[in-house]
Amino acid sequence: MDTPRQQQITLEQAQRMVDEWITTVGVRYFSPLTNMAILAEETGEVARVMARRYGDQSSKPTDTAELADELADVMWVIMAIANQTGVDLTEAFMKNLEKKTIRDSERHRQNPKLAGGDN
């Protein structure tokens with residue numbers, strides 16, 4: 001069997017993989033409210049890495065968190081919430097992209113703060 005690292009996966013496949021793991025290894029889903037709290041916690045862990053690696057905050061010797069792992073944790077919880085609330089993330093993402101494209105087709109081009117392309 002190919003590991004996820006060896007193959008490309010879709011959002012749909014990732015949602016199914018999360019569901020399979022939760023319902024076998026994880027026993028069952030946490031409540032949606034618990035998962036929302038976990039999402040907030042995981043988002044805070046991403047913020048900590050960003051503040052210390054890319055921001056002005058200095059790192060501690062005990063800081064070992066990796067941005068990729070923390071982002072994957074956020075994705076995991078989002079997929080769990082989507083699964084338990086019946087959200088198809090592929091469909092939701094495509095609708096969201098279309099909404100942003102229509103709404104923001106000229107807005108960002110006209111923003112003087114974005115001129116010059118600095119990140």
Side-chain angles (χ1 to χ4, degrees):
M1 180 176 131
D2 287 338
T3 64
R5 184 81 171 141
Q6 295 171 314
Q7 63 180 343
Q8 297 289 322
I9 61 172
T10 65
L11 284 171
E12 180 181 0
Q13 290 168 322
Q15 275 189 254
R16 280 197 312 261
M17 292 167 74
V18 167
D19 182 67
E20 183 178 324
W21 189 95
I22 289 172
T23 57
T24 58
V25 178
V27 180
R28 68 170 179 82
Y29 281 85
F30 295 134
S31 71
L33 187 55
T34 297
N35 276 334
M36 184 61 235
I38 293 169
L39 178 59
E41 177 185 2
E42 296 298 349
T43 302
E45 292 175 12
V46 169
R48 181 185 315 111
V49 171
M50 295 296 294
R52 293 178 180 172
R53 185 166 303 150
Y54 302 102
D56 299 325
Q57 191 177 35
S58 58
S59 295
K60 297 177 185 176
T62 56
D63 288 340
T64 59
E66 290 297 322
L67 181 59
D69 187 51
E70 300 305 338
L71 289 170
D73 285 343
V74 169
M75 288 176 56
W76 179 279
V77 179
I78 288 171
M79 288 181 200
I81 293 170
N83 287 346
Q84 68 189 146
T85 58
V87 173
D88 177 335
L89 284 173
T90 301
E91 180 181 334
F93 179 83
M94 296 308 293
K95 284 181 180 178
N96 190 270
L97 182 61
E98 181 180 12
K99 174 188 76 175
K100 285 175 172 44
T101 300
I102 292 167
R103 181 190 67 201
D104 301 331
S105 63
E106 292 299 320
R107 182 174 141 227
H108 297 301
R109 293 176 205 270
Q110 297 170 5
N111 182 346
K113 296 179 211 172
L114 298 177
D118 293 335
N119 288 336

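Note that the coordinates shown come from a computational prediction; the quantities given were computed from them, not determined experimentally. Just so it is clear, the values below take in all heavy atoms, side chains as well, and ignore hydrogens, waters and symmetry mates.
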Over all heavy atoms of both residues, which pair between [X] and [Y] is shortest? Give the atoms and the distance, please.
X: Asn83; Y: Gln15; result: OD1-NE2, 2.8 Å
X: Ser31; Y: Gln84; result: C-NE2, 4.0 Å
X: Thr43; Y: Val74; result: N-CG2, 4.0 Å

Problem - Verdict with supporting geometry, Thr90 and Thr10, side-chain contact (heavy atoms from CB on, under 4.5 Å) - result: CA-CA 8 Å; Thr90 301; Thr10 65; 5.5 Å; no
Practice task
Could you check if a side-chain atom of Asp88 sits within less than 4.5 angstrom of a side-chain atom of Glu12, using non-hydrogen atoms only?
Solution key: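 SC-SC contact between Asp88 and Glu12 ruled out.
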Completion exercise
One should read off an interatomic distance between Asp73 CG and Leu39 CG, to the nearest 0.5 angstrom, of 10.5 Å
Problem - Atom pair CD1/CZ of Ile22 and Arg28 - distance to nearest 0.5 Å - result: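 Ile22 atom CD1 to Arg28 atom CZ measures 11.0 Å (nearest 0.5 Å).
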So does [Y] get a backbone contact from the side chain of [X], meaning a donor-acceptor N/O pair under 3.5 Å?
X: Asp63; Y: Val49; value: no
X: Glu45; Y: Asp69; value: no
X: Glu70; Y: Ala47; value: no

Problem - Check ion pair Arg16-Glu20 (N to O, under 4.0 angstrom) - result: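 Salt bridge absent between Arg16 and Glu20.
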Problem - CA sep, side-chain torsions, deciding dist, call: Lys100, Asn96, side-chain contact (heavy atoms from CB on, under 4.5 Å) - result: CA-CA 6 Å; Lys100 285 175 172 44; Asn96 190 270; 2.6 Å; yes
Problem - Joint hydrophobic cluster, Met36 plus Phe30, side-chain heavy atoms closer than 4.5 Å - result: yes
Practice task
Report whether Met17 and Leu89 are members of the same hydrophobic cluster (ILVMFWY, side-chain heavy atoms less than 4.5 Å apart, transitive linking).
Solution key: no
